[in-house]
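Here is the structure we will look at, set down as structure tokens.
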Amino acid sequence: MPELPEVEVVRRGLQQHAAGRTVVAVQVLHPRAVRRHTAGPDDFAARLTGRRLRATSRRGKFLWLPLDSDDALLAHLGMSGQLVVQPVGADDEVHLRVRLTLDDGRELRFVDQRTFGGLDVVGTDRDGVPEPVLHIARDPLDPAFDDAAFVAALRRRRTGLKRALLDQTLVSGIGNIYADEALWRSRLHYARATDTMTRPQVHRLLADVRGVMGEALAEGGTSFDSLYVDVNGRSGYFDRSLAAYGQEGRPCPRCGTPVRRDPFMNRSSFTCPRCQPRPRHGRW
DNA sequence: CCTGCCGCCTGCGCGC
DNA sequence: TGCGCGCAGGCGGCAG
């Protein structure tokens, strides 16, 4: 559930259904799901068993639950990860990777088809931020996000605009969907050179990022299929509101020109060729 | 330092 | 019907 709104939906679900609970048992069904826990699956289980889960936090697409030790349970959903809460005894999901049995007769399950995501138990800094998250920039919904610093940093880059938006060390939480949607709202092309962006353009783009993410959050996130669900297995509805992403050939909601798809970084970018003309001196 | 590329996985839908 | 290919909400590591 990869981008910020979907991860935030999951965070809220964990806060409601997992925070405050104690982990009474841990079962790792697929070691790759805990590969970032370098001490191995047994150590992962040992550091978690008997621990109480505290309030759920998020930065960008990372989320974590501090433990009543000095550690935190850190999760990244990757491309296809889910965290779901199920009653003990519910059928195992096909791609169930890790099962945490809680003290209320339920299980917190990490399910992940492609295993790009994973869990680990890690130390935190003084502010409670997990060590693997320290290099991740704050996200645009974080009250401490520094707009002016972001505008300056983006304009210092020498790359294409969408690459910059996807760089989690510059601004976190934006992935392929919301990058395309925000660029469409701002009428900017993905290959626009970052160092030719004006300050007002970057401020407007940031406002559009926040706008699209806020609307997606209100709809429960974007789900195209059952891979992207909240902790109760429910899908969001924002896919119905997408203007550009995944809309190849469909009319641009603003001008009616068919949306085009271009290959981009081994994936795709969707633009309105009329609203978002390719810059003459763009950067890939 | 900064930028860009590649590999890591599984499954689905499409064209042949 | 079967098979190969392209494609999918992401990231870390490494080369230049």
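Below, chains carry the letters A, B, ... as their sequence lines are ordered, and counting in each starts from 1.
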For A/Ser268 and C/dA8, is the shortest distance between a side-chain N/O and OP1 or OP2 below 4.0 Å?
-> yes
Output field dot_bracket for DNA chain B (Watson-Crick or G-U, both distances under 3.5 Å, | for other-strand pairs) contains .|||||||.|||||||
Any side-chain donor-acceptor pair under 3.5 Å between A/Arg278 and A/Tyr190?
-> yes
Considering just the side-chain nitrogens and oxygens of A/Thr159, establish if one lies under 4.0 Å of OP1 or OP2 belonging to B/dG4.
-> yes
Identify whether any heavy atom of A/His135 sits under 4.0 Å from a base atom; if not, whether one sits that close to sugar-phosphate; answer base, sugar-phosphate or nothing.
-> sugar-phosphate
Atom pair distance, as rounded to whole Å: CD in A/Gln82 and P in C/dA8 = 20 Å
Rounded interatomic separation in angstrom, taking CZ from A/Phe116 and P from B/dG11 = 12 Å
Are A/Arg261 and C/dC7 close enough that a side-chain N or O sits under 4.0 Å from OP1 or OP2?
-> yes
Please list, by residue number, the residues of residues 161-175 of chain A whose heavy atoms come closer than 4.0 Å to an atom of DNA chain C; answer none if no residue qualifies.
-> A/Gln168, A/Gly175
Report yes if a side-chain nitrogen or oxygen of A/Arg158 is closer than 4.0 Å to either non-bridging phosphate oxygen (OP1 or OP2) of B/dC2; otherwise report no.
-> no
What integer distance in Å separates A/Arg283:CZ from B/dC2:C1'?
-> 12 Å
Rounded distance in Å between the P positions of C/dG13 and B/dC9 | 15 Å
According to a strict under-4.0 Å criterion, is A/His95 in side-chain N/O contact with OP1 or OP2 of B/dG11?
-> yes
Residues A/Phe116, A/Ser80; criterion side chain to side chain contact (heavy atoms under 4.5 Å, CB included); working and verdict | CA-CA 7 Å; A/Phe116 287 167; A/Ser80 55; 5.9 Å; no
Between A/Gln113 and A/Pro132, which is nearer to the 5' end of DNA chain C once each is assigned its nearest nucleotide?
-> A/Gln113
If you count the non-hydrogen atoms of other residues, nucleotides and ligands that lie under 6.0 Å from CZ in A/Arg250, is the total more than 12?
-> no
For atom CZ of A/Arg114 and atom C1' of B/dG7, their distance in whole Å | 12 Å
Can you tell me the distance, in whole Å, between the CE atom of A/Met79 and the C1' atom of B/dG7?
-> 13 Å
Report the distance from atom CG of A/Leu165 to atom CG of A/Leu205, rounding to the nearest 0.5 Å.
-> 5.0 Å
Whole Å only: how far is the CG atom of A/Asp195 from the C1' atom of B/dC2?
-> 13 Å
Between A/Asp147 and A/His203, does any side-chain donor sit less than 3.5 Å from a side-chain acceptor?
-> no
With DNA chain B as reference, determine whether A/Arg97 or A/Arg157 sits nearer its 5' end, using the nearest nucleotide of each.
-> A/Arg157
What integer distance in Å separates A/Asp180:CG from C/dA8:P?
-> 10 Å
Could you verify whether a donor N or O on one side chain and an acceptor N or O on the other, from A/Glu93 and A/Gln86, lie under 3.5 Å apart?
-> yes
Would you say C/dG12 has OP1 or OP2 under 4.0 Å from some side-chain N or O of A/His76?
-> no
Can you give me every donor-acceptor pair (side chain of residues 58-70 of chain A, partner residue at least two apart or in another chain, under 3.5 Å) with its distance?
{"residue": "A/Arg58", "atom": "NE", "partner": "A/Glu8", "partner atom": "OE1", "Å": "2.8"}
{"residue": "A/Arg58", "atom": "NH1", "partner": "A/Gly60", "partner atom": "O", "Å": "3.0"}
{"residue": "A/Arg58", "atom": "NH1", "partner": "A/Asp139", "partner atom": "OD2", "Å": "3.0"}
{"residue": "A/Lys61", "atom": "NZ", "partner": "A/Ile174", "partner atom": "O", "Å": "3.1"}
{"residue": "A/Trp64", "atom": "NE1", "partner": "A/Gly128", "partner atom": "O", "Å": "3.4"}
{"residue": "A/Asp68", "atom": "OD1", "partner": "A/Arg51", "partner atom": "NE", "Å": "2.6"}
{"residue": "A/Asp68", "atom": "OD1", "partner": "A/Arg52", "partner atom": "N", "Å": "3.1"}
{"residue": "A/Asp68", "atom": "OD2", "partner": "A/Arg52", "partner atom": "N", "Å": "3.4"}
{"residue": "A/Ser69", "atom": "OG", "partner": "A/Asp71", "partner atom": "N", "Å": "3.3"}

Where do A/Ile136 and A/Thr169 land on the side chain to side chain contact (heavy atoms under 4.5 Å, CB included) test, with the steps shown first?
-> CA-CA 5 Å; A/Ile136 300 294; A/Thr169 67; 5.5 Å; no
For A/Glu248 and B/dC14, what is the distance between atoms CD and P respectively, to the nearest whole Å?
-> 13 Å
Mapping A/Arg36 and A/Ile177 onto DNA chain C by nearest heavy atom, which one lands closer to the 5' end?
-> A/Ile177
Counting N and O atoms only, with roles assigned by atom type, does the side chain of A/Thr115 sit under 3.5 Å from a partner on the main chain of A/Arg32, one being a donor and the other an acceptor?
-> no
Between A/Thr222 and A/Tyr245, does any side-chain donor sit less than 3.5 Å from a side-chain acceptor?
-> no
